[in-house]
Undergrad: 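My questions will all concern the structure given below.
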Amino acid sequence: MIDRIIEGDCIELIKKIPSKSIDLVITSPPYYKQRDWMGIGNEETPEAYLEKILGVFHECVRVTKDTGSIIFNLGDKYHEGSLLLIPYRFAIEALRREKVKLINTITWVKTNPTPRQFKRRLVQSTEPFFHFVKSDNYKFNLHSFMSGEEARTERKRRMKNIGQRYFKLIEEAPLSEYEKEMAREELKKVIEEVKEGKIKEFRMKIRGIHAPAFGGQEGGRKIQMEKQGFTIIRIHGNSMKRDVIECAVETLKGCPHPAVFPEFIVRELIKLTTDEGDIVLDPFMGSGTVAVAAKKLKRRFIGFEINPEYCKYAEERLKSVENASQKALFECS
Ligand SMILES: C[S@@+](CC[C@H](N)C(=O)[O-])C[C@H]1O[C@@H](n2cnc3c(N)ncnc32)[C@H](O)[C@@H]1O
């Protein structure tokens, strides 16, 4: 089964996996009545749907090692204008039924939700990832979470507009041309420091725009403002590792699957909870995102998917990742 995507019903297939053999289960089951899925998702009532998801969850808990993690991502559903709170009903029932702890609810903030404004409600643009563990001895590689090149690029992208308002304020300030030039140069430098993660954030105070600072350490800043026209306050400290991931909804060219996991989120969570060589299971593999992420991070994987079309696409997607890595190896040797 290892390193394969197997076509079939996960409710049956997962029974073939030995107990306590998986390091991480990370999955996104079909959401309730969101699409005409094969398999789970079209049950008459939320209760019937949740029973099925909880049945799969029970098996996921069984196959997970005591040091492992189980991460479930679920979406909600409106019924007659009200949210059904499906994800939270699942999480509450999962905690009640199984011997697990819920250590985090990681919120995915979608930076590009479907642009459709409702007149009487706000656009839903978040989804929870529930992180369950079986013991206090779970693997947790905090240092590798959101710290790679990709996370830095994502951070830089989000920080594209950081500090830009100060450029406008410098222009409007009653400073000499020389002072304005100095202020712009220092501002560019400090913006780079934030983007590189060297400092957490900063504030700029400009003479004639901001109130002068008073007393103590602030006294030095007051003198700086008077003499050079501005002062910059650097705020140090490591960025906290928070339970929020900002990331765009992904669409893959030629992909027949309508609801693909963002690979970035899956990769960050695999790095957080497993080591190289560990086994990752996705019982609802869809387009193969978990397999692709696991492969790229040198983890092994098992995937189940009931829809033959998605299965075929996932296998092709995986092959192209394997080919790309072989090509890179060949070019390096
Ligand atoms: C929300 S999608 C998962 C998407 C996936 N995370 C990705 O990145 O493409 C849920 C998937 O579960 C599959 N599915 C539904 N019932 C299933 C079952 N009983 N066994 C296996 N797969 C099932 C659906 O066909 C669908 O592809």
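Note that the structure is predicted; figures quoted are calculated from it, not measured. Computation of the quantities below employed the complete heavy-atom set of this structure, encompassing side-chain atoms and omitting hydrogens, waters and symmetry-equivalent molecules. Every number for a ligand or one of its atoms is a count from 1 in the order of the listing.
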Undergrad: Need the ligand 1 atom indices (1-based, order shown) with element for anything under 4.0 Å from a heavy-atom of Val260.
TA: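 Matching atoms, with element in brackets: 7 (C), 8 (O), 9 (O).
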
Undergrad: So, are Lys319 and Glu316 salt-bridged, with charged N and O less than 4.0 Å apart?
TA: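 Result for this pair is no, no salt bridge flagged.
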
Undergrad: Decide whether the shortest distance between a heavy atom of Cys255 and an atom of ligand 1 is less than 4.0 Å.
TA: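 Contact check Cys255 vs ligand 1: negative.
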
Undergrad: Does some non-hydrogen atom of Met285 fall short of 4.0 Å from ligand 1?
TA: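 Distance cut 4.0 Å: Met285 passes for ligand 1.
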
Undergrad: For ligand 1, is any non-hydrogen atom under 4.0 Å from Pro283's backbone (N, CA, C, O), its side chain (CB onward), both, or neither?
TA: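 Pro283 to ligand 1: backbone contact only, side chain stays beyond 4.0 Å.
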
Undergrad: Looking only at side chains, do Asp282 and Thr27 share a donor and an acceptor under 3.5 Å apart?
TA: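 Thr27 and Asp282 do have a side-chain donor-acceptor pair below 3.5 Å.
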
Undergrad: Tell me, which protein residue and heavy-atom name are nearest atom 1 (C) of ligand 1, and how many Å apart are they?
TA: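 Checked against all protein heavy atoms, atom 1 (C) of ligand 1 sits closest to Ser28 O, 3.3 Å.
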
Undergrad: Starting from the C-alpha separation in whole Å, work towards a yes-or-no answer on side-chain hydrogen bond (donor to acceptor under 3.5 Å, both in side chains) for Asp275 and Asn141.
TA: CA-CA 8 Å; Asp275 297 318; Asn141 304 322; 3.2 Å; yes

Undergrad: Using only heavy-atom distances, determine whether the side chains of Asp23 and Tyr138 contain a donor-acceptor pair under 3.5 Å.
TA: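 Short answer, no.
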
Undergrad: At less than 4.0 angstrom from any non-hydrogen atom of Pro29, what atoms of ligand 1 do you find?
TA: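 Atoms satisfying the 4.0 Å criterion: 1 (C).
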
Undergrad: Identify, for atom 22 (N) of ligand 1, the protein heavy atom at the shortest distance, and state residue, atom and that distance.
TA: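 Nearest neighbour among protein heavy atoms for atom 22 (N) of ligand 1, to 0.1 Å: Ile306 N, 3.2 Å.
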
Undergrad: Do any nitrogen or oxygen atoms of His257 come within less than 3.5 Å of a nitrogen or oxygen of ligand 1?
TA: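 Yes, His257 has an N/O under 3.5 Å of an N/O on ligand 1.
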
Undergrad: Under a 4.0 angstrom heavy-atom cut-off, which atoms of ligand 1 come close to Met38?
TA: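 This gives 15 (C), 16 (N) as the contact atoms.
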
Undergrad: Would you call Glu268 and Lys271 a salt bridge, taking side-chain N to carboxylate O under 4.0 Å as the test?
TA: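 Answer for the salt bridge query: yes.
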
Undergrad: I'd like to know if the side chain of Tyr313 pairs up with that of Glu305 as donor and acceptor (distance under 3.5 Å, no hydrogens or angles considered).
TA: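 Looking only at side-chain atoms, Glu305 and Tyr313 do not form any donor-acceptor pair under 3.5 Å.
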
Undergrad: Among protein heavy atoms, which lies nearest atom 8 (O) of ligand 1, and at what distance?
TA: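 Here the closest protein heavy atom is Thr289 OG1, 2.6 Å.
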
Undergrad: Please list, chain by chain and in numerical order, all residues satisfying salt bridge (Lys or Arg N to Asp or Glu O under 4.0 Å) with Glu80, sequence neighbours excluded.
TA: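 Not a single residue meets the salt bridge (Lys or Arg N to Asp or Glu O under 4.0 Å) criterion with Glu80.
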
Undergrad: What atoms of ligand 1 come within less than 4.0 Å of a heavy atom belonging to Tyr310?
TA: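 It comes down to these atoms of ligand 1: 25 (O), 27 (O).
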
Undergrad: Answer yes or no: is there an ion pair linking Glu181 with Arg184, defined by an N-O contact shorter than 4.0 Å?
TA: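 The answer is yes: the pair qualifies as a salt bridge.
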
Undergrad: Short N/O distance, under 3.5 Å, between Ser287 and ligand 1?
TA: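 N/O-N/O distance under 3.5 Å: yes.
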
Undergrad: If you have a sec, work out which protein heavy atom is nearest atom 16 (N) of ligand 1 and how many Å separate them, to one decimal?
TA: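 Looking at atom 16 (N) of ligand 1, the protein heavy atom closest to it is Ile40 N, 3.0 Å.
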
Undergrad: Please list, in number order, the atoms of ligand 1 under 4.0 Å from a heavy atom of Gly8.
TA: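 In order of number, 20 (N), 21 (C).
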
Undergrad: Salt bridge or not for Glu171 and Lys168, using N-O below 4.0 Å?
TA: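 No, no charged N to carboxylate O under 4.0 Å.
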
Undergrad: Relative to the heavy atoms of Gly39, which atoms of ligand 1 are at a distance of less than 4.0 Å?
TA: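 The atoms of ligand 1 under 4.0 Å from a heavy atom of Gly39 are 16 (N).
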
Undergrad: What protein heavy atom is closest to atom 19 (N) of ligand 1, reported as residue, atom name and distance in Å?
TA: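 For this ligand atom, the closest protein heavy atom is Asp9 OD1, 2.9 Å.
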
Undergrad: Among all the protein's non-hydrogen atoms, which is closest to atom 11 (C) of ligand 1, and how far away is it?
TA: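 Protein heavy atom with the smallest distance to atom 11 (C) of ligand 1: Glu305 OE1, 3.6 Å.
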
Undergrad: Would you call Glu93 and Arg89 a salt bridge, using N to O less than 4.0 angstrom?
TA: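 Salt bridge: no.
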
Undergrad: What protein heavy atom is closest to atom 20 (N) of ligand 1, reported as residue, atom name and distance in Å?
TA: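 For this ligand atom, the closest protein heavy atom is Cys10 N, 2.9 Å.
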
Undergrad: Mind telling me whether Phe90 and Phe72 have parallel, tilted or perpendicular rings, with 30° and 60° as the class edges?
TA: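 It falls in the parallel class, under 30°.
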
Undergrad: Students should be able to answer this: which protein heavy-atom is nearest to atom 6 (N) of ligand 1, and at what distance?
TA: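 Its nearest protein heavy-atom neighbour is Phe261 CD1, 3.3 Å.
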
Undergrad: Under a 4.0 Å heavy-atom limit, does Phe284 contact ligand 1 with its side chain, its backbone, both, or neither?
TA: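 Both parts.
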
Undergrad: Salt bridge or not between Lys52 and Glu44? Use side-chain N to carboxylate O under 4.0 Å.
TA: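 No, this pair does not count.
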
